Student: 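Please find one structure pasted underneath; my questions will follow.
Since this is a predicted model, take the numbers as computed values, not measurements. Sequence positions, counted from 1, serve as the residue numbers for this chain.
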Amino acid sequence: CSGLVNFSMEDCRGVSDKGFLEIPKLNPRLTHLNIARCNINDTALVELLNKCNKLTNLNLTRCEEITERSIL
C-alpha cells in the first residue's frame with residue numbers, strides 16, 4: 001500500500017504500542033491518521049509522529065492514555 005495517505009484505525013483497542021510503531025515502517029507517506037479511541041501511550045505516539053513526518057492530520061479523540069507531555 002505504498003500510495004496510501006489516509007488511514008483509519010478508530011476504536012482498534014487491541015493494537016499494542018509495538019503495532020503503532022509498525023505504521024511508519026509500512027507507509028511513511030501517511031498524511032491523515034485516525035487513531036481515535038485507541039490505547040496508544042505517550043511514548044508510542046511521540047515515536048510514531050517522529051517517523052511519520054508527512055502527517056498533517058491526526059485524530060486522537062478519546063485516546064485516554066495520552067497526556068499533555070506528548071501533545072506538546
Student: Rounded to the nearest 0.5 Å, what separates atom OG1 in Thr61 from atom CG in Asn34?
Tutor: 7.0 Å

Student: Supply the atom-to-atom distance Cys38 SG to Glu10 CD, rounded to the nearest 0.5 angstrom.
Tutor: 8.0 Å

Student: Enumerate the residue pairs fulfilling side chain to side chain donor-acceptor pair (under 3.5 Å) with a member in residues 63-72, sequence neighbours excluded, ordered by first and then second residue.
Tutor: Asp42-Thr67, Asp42-Ser70

Student: Please tell me whether Met9 and Leu55 are part of a single hydrophobic cluster in this structure, the criterion being side-chain heavy atoms less than 4.5 Å apart.
Tutor: yes

Student: Distance check, rounded to the nearest 0.5 Å: Ile35 atom CD1 versus Phe20 atom CZ?
Tutor: 5.5 Å

Student: How would you list all residue pairs meeting salt bridge (Lys or Arg N to Asp or Glu O under 4.0 Å) that involve residues 46-61, not counting sequence neighbours?
Tutor: Glu47-Lys51

Student: Spell out, yes or no, whether Ile23 and Leu60 are grouped together once hydrophobic residues are joined by side-chain heavy atoms under 4.5 Å, including indirect joins.
Tutor: yes

Student: Say you draw a straight line from CG of Leu58 to CG of Leu48; how long is it, rounded to the nearest 0.5 Å?
Tutor: 7.5 Å

Student: Quick check for you: to the nearest 0.5 Å, what is the distance between Cys12 atom SG and Arg37 atom CZ?
Tutor: 10.5 Å

Student: Test side chain to side chain contact (heavy atoms under 4.5 Å, CB included) on Ile66 and Asn41 and set out the steps.
Tutor: CA-CA 5 Å; Ile66 299 297; Asn41 67 30; 5.8 Å; no

Student: What's the spacing between Leu45 CG and Ile40 CD1 if we round to 0.5 Å?
Tutor: 5.0 Å

Student: So which pairs with a foot in residues 12-22 pass salt bridge (Lys or Arg N to Asp or Glu O under 4.0 Å), sequence neighbours left out?
Tutor: Asp11-Arg13, Glu22-Lys25

Student: Between Asn59 and Ala36, is there a donor-acceptor pair closer than 3.5 Å when you use the side chain of the first and the backbone of the second?
Tutor: no

Student: Does Leu49 share a hydrophobic cluster with Ile71, counting links as ILVMFWY side-chain heavy atoms below 4.5 Å and allowing steps through other members?
Tutor: yes

Student: Can you tell me if Thr31 uses its side chain to pair, donor with acceptor, with the backbone of Val5 under 3.5 Å?
Tutor: yes

